[in-house]
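First up is the structure itself, then whatever we jot down about it.
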Amino acid sequence: MNGKLYQTLKDNLYHIPPVWFMRQAGRYLPEYLKTRATAGSFLDLCYSPSFATEVTLQPIRRFQFDAAILFSDILVIPHALGQHLEFSPNHGPQLGELPDLETSEFIENTNQFHVNLSPVYEAVSSIRSQLDREGFSTTDLIGFSGAPWTLACYMIDRKGTKDFNETRVMAIANEQKFSQLIDVLTKVISEYLIEQINRGANIVQIFDSWSGVLPPDQFRKWVINPTKKIVEAVRIKHPETPIIGFPKGAAFLYEEYAKETKIDGLGIDTQVPIEYAARYLQPICPVQGNLDPMTLRAGGKELDRQTKKILDTLSEDGRFVFNLGHGIDKDTPPEHVEQVLKIIRDYHS
Ligand code: CP3
């Protein structure tokens, strides 16, 4: 059954907005750390449908968020395309050499890609059934993917960096090869999202975490255009499923991104002034965000103040989803999440 997040993205009005947090399943929760230790590595967790189901449900049981988000990672796509991937405890993700896409079987035939991702698809079905079984039948289930630009950043730079300069240079100096990579990613991401919806996700989110490193013309070419194609491809198969876009760091380009891609919801990062979002972005589509994860971690009066300010400014007419402006930090006390939820649930302007 579609829930409050779905209805909000469809433009239904609620006085109290739906709420979920990016990275709501994760290391700040003791129960997550326990399951992760049993599963072994982070990737073992992602590729085990039963463990992935368990950790997806943990924050729902504890906090009753309005939506669950599939537990996985954006980097399973490069992995399923044949690129080596590991998560080292202190250095984040490390990728192997970029596979040769010209000779790759994936361009014509994506069978193997989907076989590699079958544990993720199984996790989606299993999460949906488990939510229903535990009495969360109106909790929405969000599927997700990284966007082509952000995945290309990790595939070419091969680790997290602050500017993704290798990728940026390739996109300019070797545009033909880069554009071929973006096309392959656009195709497989569309299929990946469609299959997650087939298996029970009723909303999907596209994470473009590194869109903020691009100047406007390149942002149009590598962020807006491919995202627009993905939105069109997903809508052919699933016209009713809302799609949230999160072009982190897009700044002055948020507005153009929302208008051009025609996404149903727009994730805004911590730097977007909420007065600006209310005036210029909410008239285009519902916005989602943008509490600062460090304010959440710090807690106290400032957390109360910021939470209320966001509610006062953005939940006036209901085109709003309460969330963070980025993923929850691993050192966040779970009580601070409870503090925010209490303010939201008791909210009256
Ligand atoms: O939101 C959720 O609860 C769903 C699960 C989810 C994870 N990663 C779990 C995860 C989602 C939606 C992501 C998306 C993701 N992954 C993004 C886009 C959003 C963003 O943060 O900008 C990116 C860039 C990644 C790549 C990634 N995965 C990095 C850079 C890291 C290491 C940094 C870190 O926090 O350690 C990860 C690891 C990761 N993904 C963890 C989790 C819970 C921590 C792994 C662990 O348990 O050790």
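Both counts, for ligands and for their atoms, begin at 1 and track the order of listing. Worth knowing before you read on, the calculation uses all heavy atoms, side chains too, and leaves out hydrogens, waters and symmetry mates. Note that the coordinates shown come from a computational prediction; the quantities given were computed from them, not determined experimentally.
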### Task
Let me see the working for Tyr154 and Phe164 under ring pair (Phe, Tyr, Trp, His ring centres under 6.0 Å), right down to the final yes or no.
CA-CA 8 Å; Tyr154 284 102; Phe164 290 93; 5.3 Å; yes
### Message
Residue by residue, ordered by chain and number, which ones reach under 4.0 Å of ligand 1 with a heavy atom?
### Response
Met22, Arg23, Gln24, Ala25, Arg27, Tyr32, Arg36, Phe42, Ile69, Leu70, Phe71, Ser72, Asp73, Ile74, Phe87, Pro93, Phe144, Tyr154, Phe207, Ser209, His326
### Task
Take the angle between the ring planes of Phe207 and Phe246 and call it parallel below 30°, perpendicular above 60°, tilted in between.
perpendicular
#### Entry: Check: Gln7/Asn2 side-chain N/O donor and acceptor closer than 3.5 Å
no
### Any side-chain donor near an acceptor of the partner, Tyr6 and Asp264, under 3.5 Å
no
### Message
I'd like to know if the side chain of Gln130 pairs up with that of Thr53 as donor and acceptor (distance under 3.5 Å, no hydrogens or angles considered).
### Response
no
### Message
Using the ring centroid of each side chain, check whether His336 and Tyr28 are separated by less than 6.0 Å.
### Response
no
